[in-house]
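Quick notes on the structure that follows.
Bear in mind the structure is a predicted one, so any value in this text is a computation, not a measurement.
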Amino acid sequence: MILRLSALFVMLCIASLMIGAQQLVWSDLFDSSKDAWLTLTASRLPRLIALILTGIGLAISGVILQHIVRNKFVEPATSGGLDAAKLGLLISLTMLPGASTSSKMIFAMLFCLAASLLFIFIINRIEFKNTVLIPVLGLMYGSVLSSIAEFYAYKNNILQSMQGWLLGDFSRVVQEHYELIYIILPVIILAYLYAHRFTVLGMGEEMASSLGLGYASTAAIGLILVAVTVAASVITIGTIPFVGLVIPNLVALKYGENLSRTLPIVALGGACLLILCDILGRLVIYPFEVPIGLTAGGIGGVMFLILILRGIK
């Protein structure tokens, strides 16, 4: 499976590099065409790198949250994390208009972390925890946060620009305007190093504690990794839903939930799904482009519905 997925990943990467409003052919690169090399290095490669890192980061964030909450339908989009990061970013734009991109990301990360902690607190207060109830509650919670963010943007007269800017879109990813996304790399490494602990975490607090795992500290590390990933992706790309829900579920159905073994497959799957969504967005109304937030939301939403119906049965 990993070999087939790797082959698909390579083919999607090549297709992503070649597809765009400006035609790019290999012969131009071999002929040392300056325009071709500029298009490749300043736009196509940064876009591909951002796609890969964002896809991997969101897929891993989803699987970490699912093990912390112990629900297969939870990810940043269904637990309020994306909406909280959006709210934090908007507040940083109005309160600290001259702040650096890193400072804005810290705002988004803190809001995402706080929202995740509050979401976990809320669901822990619920005695009857149906499989579908938790993500539905998370969607309602996220809608409340999104409404607060939109009201805040409306009050500060930035609603119209916010709706276009925060919708996931890789078309604005160019050289020197995307490098913050590289912060996802250490998140990926740490997630793999903690993979076994996150697997034990998914067994529940009592079981994890009996196996000698510091439940609270491990959950806190997981939430911080998720918050960093979500903040970096929102401030660089915008909001992209459902990647962290669909891929971990599909991998778990076939390979189980031992993250030490399945995390590389989850990472590759997340990258492949996001690149595929981006390619579809570039082709559906070529030479114009559909933002990836719409394509990923559409494809992910349909698969989310299928998974929920499967879970109900």
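Counting only heavy atoms from C-beta outward, the side chains of Leu113 and Val228 never approach each other to under 4.5 Å. Looking only at side-chain heavy atoms (C-beta outward), Ile49 and Leu53 come within less than 4.5 Å of each other. Within the 4.5 Å cutoff, the side chain of Leu89 has no heavy atoms near those of the Phe107 side chain. Using a 4.5 Å cut-off on side-chain heavy atoms (C-beta onward), Lys104 and Leu93 make contact. With contacts defined as side-chain heavy-atom distances shorter than 4.5 Å, the pair Val136/Met140 qualifies. Considering only heavy atoms from C-beta on, Glu257 comes within 4.5 Å of His67 through its side chain. Side-chain contact between Pro248 and Val251 is absent, with no heavy atoms from C-beta onward closer than 4.5 Å.
Distance CG/Leu96 to OG/Ser103: 7.5 Å, rounded to 0.5 Å. For the atom pair Leu87 CG and Glu150 CD, the distance stands at 11.0 Å (nearest 0.5 Å). For the atom pair CG of Leu51 and CD1 of Ile275, the computed distance is 6.0 Å after rounding to the nearest 0.5 Å. To the nearest 0.5 Å, atoms CE (Met11) and OG (Ser6) are separated by 10.5 Å. Here the CG atom belonging to Leu273 is positioned 12.5 Å from the CD1 atom belonging to Ile56, to the nearest 0.5 angstrom. Separation of atoms CG (Leu283) and OG1 (Thr295) is listed at 11.0 Å; rounding is to 0.5 Å.
Listed by chain and number, the residues in a side-chain contact (heavy atoms from CB on, under 4.5 Å) with Thr218 are Arg197, Phe198, Leu201, Leu213 (sequence neighbours excluded). Legend: residues meeting side-chain contact (heavy atoms from CB on, under 4.5 Å) with Met207, ordered by chain and number and at least two apart, are Met203, Ser210, Leu211. Partners of Tyr154 under the ring-ring contact (aromatic ring centres under 6.0 Å, His included) rule, at least two apart in sequence or in another chain, do not exist in this structure. By the side-chain contact (heavy atoms from CB on, under 4.5 Å) test, Ser102 is found to be paired with Ser100, Leu180, residues two or more places apart in sequence or in another chain being considered. Phe111 meets the ring-ring contact (aromatic ring centres under 6.0 Å, His included) test with no other residue; sequence neighbours excluded. With sequence neighbours left out, the side-chain contact (heavy atoms from CB on, under 4.5 Å) criterion links Leu110 to Ile106.
Taking both residues in full, the closest heavy atoms of Ala59 and Gly270 are given as CB-CA, 3.8 Å, listed atom of the first, atom of the second, then distance. What you find for Leu12 and Leu276 is that their closest heavy atoms are CD2-CD1, 4.3 Å. Here the closest non-hydrogen pair linking Cys277 and Ile299 is SG-CD1, 3.8 Å. Taking each heavy atom of Ala191 and Ile64 in turn, the nearest pair found is CB-CD1, 4.2 Å. What you find for Ile292 and Leu274 is that their closest heavy atoms are CD1-O, 3.4 Å. The two residues Pro76 and Ser61 make their nearest non-hydrogen contact at CG-CB, 4.2 Å.
Both Ile189 and Val63 sit in one connected hydrophobic cluster of ILVMFWY residues. Membership requires side-chain heavy atoms under 4.5 Å apart, directly or through other members. Tyr182 and Val234 fall within the same hydrophobic cluster, where Ile, Leu, Val, Met, Phe, Trp and Tyr residues are linked whenever their side-chain heavy atoms come under 4.5 Å apart, directly or through other members. With hydrophobic clusters built from ILVMFWY side chains whose heavy atoms lie under 4.5 angstrom apart, Phe9 shares a cluster with Leu45. A continuous path of ILVMFWY side-chain contacts below 4.5 Å connects Leu253 to Leu245, so both sit in one hydrophobic cluster. A chain of hydrophobic side-chain contacts below 4.5 Å, direct or via other Ile, Leu, Val, Met, Phe, Trp or Tyr residues, connects Ile134 to Ile122.
With Ser209 contributing its side chain and Glu206 its backbone, the two residues share no donor-acceptor pair below 3.5 Å. Between the side chain of Glu289 and the backbone N or O of Phe170, no donor-acceptor pair lies under 3.5 Å. Between the side chain of Tyr141 and the backbone N or O of Ala115 there is at least one donor-acceptor pair closer than 3.5 Å. Between the side chain of Ser233 and the backbone N or O of Thr54, no donor-acceptor pair lies under 3.5 Å.
Identified under the ring-ring contact (aromatic ring centres under 6.0 Å, His included) test for residues 200-231, with sequence neighbours left out: none. The side chain to side chain donor-acceptor pair (under 3.5 Å) analysis of residues 72-97, with sequence neighbours excluded, yields the pairs Lys86-Ser146, Thr94-Tyr152. Under the ring-ring contact (aromatic ring centres under 6.0 Å, His included) criterion, the residue pairs touching residues 216-245 are Phe242-Phe304, with sequence neighbours excluded. Residue pairs meeting the salt bridge (Lys or Arg N to Asp or Glu O under 4.0 Å) criterion with at least one member in residues 267-278, sequence neighbours excluded: Arg47-Asp278, Asp278-Arg282.
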Would you list the atom pairs, donor with acceptor, under 3.5 Å between side chains in residues 260-267 and any protein atom, with sequence neighbours excluded?
residue	atom	partner	partner atom	Å
Arg261	NH2	Tyr255	O	2.5
Thr262	OG1	Asn258	O	3.1

Steps toward side chain to side chain contact (heavy atoms under 4.5 Å, CB included) verdict (Ile183, Val187):
CA-CA 7 Å; Ile183 200 171; Val187 171; 5.7 Å; no
Using side chain to side chain contact (heavy atoms under 4.5 Å, CB included), reason through Ile60 and Thr229 one step at a time and then give a plain yes or no.
CA-CA 9 Å; Ile60 289 177; Thr229 301; over 6 Å; no
